[in-house]
Amino acid sequence: MQWPLRIADLLAGKAAVGSSVTVKGWVRTRRDSKAGFSFINIHDGSAFDGIQVVAEQTLPNYSDEILKLGAGCSVSITGTLVASQGKEQAVEVKAETLTVLGWVDDPETYPVAKKRHTFEYLRTVAHLRPRTNTFGAMARIRNSASQAIHRYFNERGFYWVNTPIVTASDCEGAGELFRVSTLDLHNLPRTDKGAVDFTKDFFGSESFLTVSGQLNGEAYCTAMSRIYTFGPTFRAENSNTSRHLAEFWMVEPEVAFADLKQNADMAEEFLQYVFRAVLNERQDDMAFFDQHISQGVIARLESVVNAEFVRMDYSDAITVLQKSGKKFEFPVQWGLDLQSEHERYLAEEHVGRPVILMNYPQAIKAFYMRANEDGKTCAAMDVLAPGIGEIIGGSQREERLDVLDAKMQALGLQEGLWWYRDLRRYGTIPHAGFGLGFERLLTYITGMDNIRDAIPFPRVPGSALF
RNA sequence: UCCACAGUAGCUCAGUCGGUAGAGCAAGCGGCUGUUAACCGCUAGGUCGUAGGUUCGAGCCCUACCUGUGGAGCCA
């Protein structure tokens with residue numbers, strides 16, 4: 001199939017000046033010259049910039065259509081690609097025909113006017129916000145990062161595994177789960193004892209939306225050696241912050257025959273790979289974020305790409321915090337989890353770039369993390385990034401059946417997760433992996449403040465609009 | 001869930017001591033110009049988040065609720 005050239009292609013010089021081209025897209029602005037022509041800026045989403053179309057008054061529909069074009073109208077233009085006389089662009093299209101495909105029915109109330117809007121307002125018109133500079137740029141960067149993630153793993157022999165969205169185990173980890181059910185809430189089936197009878201439910205048992213693909217991922221890891229998941233994840237926590245979504249995308253690699261050190265090395269290489277790809281592929285969009293959203297984001301990413309991440313043991317981090325002389329709201333003491341303020345101090349002030357903390361106390365980490373020889377800590381790691389805190393959490397997994405059994409028994413998990421236990425009964429191996437919140441990665445890349453602006457249609461407590 | 005702040009024109013906001021609402025941008029019309037967040041002029045645009053209450057009188061004071069934002073907790 002022969003695909004038509006996009007505006008990005010025209011701007012990149014893929015059509016010769018003087019050749020006939022067709023541009024289809026949406027009007028951003030129109031400026032008229034009384035010399036008898038109009039400038040129309042057209043965007044089609046293929047690049048940060050649009051292309052300028054010059055429409056002369058000799059066009060048959062000039063006065064009754066072209067002079068009425070405004071932001072949001074869709075058009076198809078055929079004309080000649082010419083060198084621009086203006087300074088802001090190299091080429092423009094001299095229109096020979098301009099067809100209006102769709103008008104804006106009420107320009108005064110068109111939600112995405114030719115003016116600055118707050119992100120807060122644009123969330124209320126999320127179906128139209130991809131037409132703005134910021135959200136168009138975000139959509140392209142999101143895609144670029146997604147593709148880079150798949151490429152990184154593919155080039156290293158990983159298989160992308162599609163783990164289930166619906167799960168029957170409510171013990172995948174901490175966190176509130178969304179219930180999935182077809183039972184009639186107004187007329188629930190009951191057991192003899194009066195409890196809800198979930199054997200009558202669609203799946204024959206209580207079921208939920210997944211909070212992580214990791215446990216299923218481990219099953220494929222212990223056969224395919226290197227796998228990763230990249231898909232939606234759901235948390236029903238009532239978290240109202242700029243860093244939380246009820247529905248978000250998570251990347252979870254799982255590597256057989258790997259230990260914690262290799263896991264940390266992978267996390268670093270992975271982040272650098274993705275950052276480098278976005279910096280290369282989306283220079284136009286990154287320049288916009290750097291200039292208008294968060295000054296210095298490009299330099300920040302470049303420094304992360306070029307510098308080795310600092311690695312630090314949890315125990316040493318505690319010492320650093322205690323010796324910092326800073327007054328923290330929450331106590332710093334070995335055995336306690338680190339608070340946002342502590343993580344921020346370590347990444348932003350003490351180190352100044354991403355830092356990988358390793359070997360946390362077992363008691364504050366998940367049951368599947370491998371117990372260390374000291375009997376107190378486990379092979380867990382968190383990658384802390386300046387500005388957002390924890391961006392990656394991972395660990396070497398507990399592969400010893402007896403050690404895992406002891407932990408699962410204490411939590412009452414061995415019945416529901418019998419199959420997870422089987423992975424240690426049948427050819428167990430050392431393995432490790434991590435989880436990365438994709439939208440958090442995007443806020444870090446772009447410098448956007450609110451995670452709701454890093455996903456097309458955000459789902460948060462109290463809102464599942466669009 | 002907790003704490004704080006906010007809700008006035010399509011959007012962003014101002015509104016003094018409680019006395020029946022104003023600007024900028026956007027929009028419409030006109031002017032000017034190879035323009036580029038164009039510029040200049042004119043016009044239109046409001047049940048002040050909702051429901052109660054206090055008062056002769058509420059955008060303003062009080063109560064409740066709703067919604068949004070920031071921070072905390074939980075986490076990715």
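Because the structure is a prediction, the values reported are computed rather than measured. Because only heavy atoms are used, hydrogens play no part in the values below, and waters and symmetry mates are left out as well, while side chains stay in.
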Contact class for [X] (heavy atom, under 4.0 Å): base, sugar-phosphate, or nothing?
| X | value |
| --- | --- |
| A:Asn41 | nothing |
| A:Gln85 | base |
| A:Arg344 | sugar-phosphate |
| A:Lys114 | sugar-phosphate |
| A:Phe39 | base |
| A:His117 | sugar-phosphate |
| A:Glu341 | nothing |

Taking only residues two or more places apart in sequence, or in another chain, which ones meet [X] in a ring pair (Phe, Tyr, Trp, His ring centres under 6.0 Å)?
| X | answer |
| --- | --- |
| A:Tyr62 | none |
| A:Phe37 | A:Phe39 |
| A:Tyr220 | none |

Same-atom distance ([atom1]) from [N] to [M], integer angstrom:
| N | M | atom1 | answer |
| --- | --- | --- | --- |
| B:rG73 | B:rC2 | C1' | 8 Å |
| B:rU20 | B:rG31 | C1' | 37 Å |
| B:rG19 | B:rG57 | P | 14 Å |
| B:rU50 | B:rA58 | C1' | 16 Å |
| B:rG22 | B:rC5 | C1' | 24 Å |

**Request:** Only counting residues at least two apart or in another chain, list the ones meeting side-chain hydrogen bond (donor to acceptor under 3.5 Å, both in side chains) with A:Gln147.
**Result:** A:Asn143
Distance in angstrom units between [X] [atom1] and [N] [atom2], rounded:
| X | N | atom1 | atom2 | result |
| --- | --- | --- | --- | --- |
| A:Gln52 | B:rA37 | CD | P | 10 Å |
| A:Glu439 | B:rC75 | CD | P | 19 Å |
| A:Ile451 | B:rG71 | CD1 | C1' | 16 Å |
| A:Tyr110 | B:rA26 | OH | P | 16 Å |
| A:Leu384 | B:rC75 | CG | P | 14 Å |
| A:Arg235 | B:rC74 | CZ | C1' | 10 Å |
| A:Asp105 | B:rA27 | CG | P | 15 Å |
| A:Lys94 | B:rU35 | NZ | P | 17 Å |

Respond yes when some side-chain nitrogen or oxygen of [X] is under 4.0 Å from OP1 or OP2 of [N], and no when none is.
| X | N | answer |
| --- | --- | --- |
| A:Thr118 | B:rU12 | yes |
| A:Ser33 | B:rG34 | yes |
| A:Ser84 | B:rG34 | no |

**Passing candidate, side-chain contact (heavy atoms from CB on, under 4.5 Å) with A:Leu384, options A:His342, A:Glu343, A:Met312** =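 When side-chain contact (heavy atoms from CB on, under 4.5 Å) is applied between A:Leu384 and each of A:His342, A:Glu343, A:Met312, only A:Glu343 qualifies.
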**Complete:** Contacts satisfying side-chain hydrogen bond (donor to acceptor under 3.5 Å, both in side chains) that involve residues 75-93 of chain A (not counting sequence neighbours) are A:Thr22-A:Thr78, A:Gln52-A:Glu92, A:Thr80-A:Glu96, A:Ser84-A:Gln89, A:Ser84-A:Glu92
**Message:** Filter on side-chain hydrogen bond (donor to acceptor under 3.5 Å, both in side chains), then keep only pairs touching residues 450-466 of chain A, sequence neighbours left out; what's left?
**Reply:** A:Arg123-A:Asp453, A:Arg129-A:Asp453
**Request:** Give the stems involving RNA chain B, where a stem is 3 or more consecutive Watson-Crick or G-U wobble pairs (i with j, i+1 with j-1, and so on) under 3.5 Å.
**Result:** B:1-7 with B:66-72, B:10-13 with B:22-25, B:27-31 with B:39-43, B:49-53 with B:61-65
Between the protein and nucleotides 40-46 of chain B, which nitrogen or oxygen pairs come in under 3.5 angstrom?
none

Between protein and nucleotides 68-70 of chain B, what N or O pairs are separated by less than 3.5 Å?
residue	atom	partner	partner atom	Å
B:rG68	O2'	A:Glu120	OE2	2.6
B:rU69	OP1	A:Arg123	NH1	2.8
B:rU69	OP1	A:Arg452	NH1	3.1
B:rU69	OP2	A:Arg452	NH1	2.7
B:rG70	OP1	A:Asn450	ND2	3.1
B:rG70	OP2	A:Asn450	ND2	3.2

**Prompt:** Which residues, if any, of residues 21-31 of chain A bring a heavy atom under 4.0 Å of RNA chain B?
**Reply:** A:Thr29, A:Arg31
**Along RNA chain B (nearest heavy atom to each residue), the more 5'-positioned of A:Phe330 and A:Lys87** = A:Lys87
**Prompt:** Does A:Leu338 or A:Leu69 map to a spot on RNA chain B nearer the 5' end, using the closest nucleotide for each?
**Reply:**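 Counting from the 5' end, the first nearest nucleotide belongs to A:Leu69.
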**Asked** Can we say A:Glu439 and A:Arg142 salt-bridge, meaning some charged N sits less than 4.0 Å from an Asp/Glu carboxylate O?
**Response**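 Counted as a salt bridge, because a side-chain N and a carboxylate O are separated by less than 4.0 Å.
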**Request:** Identify whether the distance between the nearest side-chain nitrogen and carboxylate oxygen of A:Arg311 and A:Glu268 falls below 4.0 Å.
**Result:** yes
**Request:** Please state whether the rings of A:Phe457 and A:Phe466 are parallel, tilted or perpendicular, taking 30° and 60° as the class boundaries.
**Result:**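 The rings of A:Phe457 and A:Phe466 sit tilted, inter-plane angle from 30° to 60°.
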**Request:** Please state whether the rings of A:His150 and A:Phe230 are parallel, tilted or perpendicular, taking 30° and 60° as the class boundaries.
**Result:** tilted
**Asked** So, does the side chain of A:Ser239 form a donor-acceptor pair with the base of B:rC75 at under 3.5 Å?
**Response** no
**Asked** Is any N or O donor-acceptor pair between the side chain of A:Glu88 and the base of B:rU35 shorter than 3.5 Å?
**Response** no
**Message:** Closest approach to the side chain of A:Arg116, judged atom by atom: which nucleotide of B:rA37, B:rA26, B:rA27 is it?
**Reply:**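 Per side-chain heavy atoms of A:Arg116, the pick is B:rA37.
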Check whether [X] reaches the backbone of [Y] with its side chain - one donor and one acceptor, N or O, closer than 3.5 Å.
| X | Y | answer |
| --- | --- | --- |
| A:Ser324 | A:Leu321 | yes |
| A:Thr446 | A:Leu442 | yes |
| A:Asp44 | A:Ile7 | yes |

Which pairs would a plain distance check flag for residues 352-361 of chain A, meaning a side-chain donor or acceptor within less than 3.5 Å of a matching protein atom at least two apart in sequence or in another chain?
residue	atom	partner	partner atom	Å
A:Arg353	NE	A:Glu308	O	2.9
A:Arg353	NH2	A:Glu308	O	3.1
A:Asn359	OD1	A:Asn372	ND2	3.0
A:Asn359	ND2	A:Asp313	OD1	3.2
A:Tyr360	OH	A:Asp382	OD2	3.3

Per-pair distances, 0.1 Å, donor-acceptor, side chain in residues 269-277 of chain A, under 3.5 Å, sequence neighbours excluded:
residue	atom	partner	partner atom	Å
A:Glu269	OE1	A:Tyr152	OH	2.6
A:Glu269	OE1	A:Arg156	NE	3.3
A:Gln272	NE2	A:Val304	O	3.0
A:Gln272	NE2	A:Val305	O	3.4
A:Gln272	NE2	A:Ala307	O	3.0
A:Tyr273	OH	A:Glu155	OE1	3.0
A:Tyr273	OH	A:Glu155	OE2	3.1

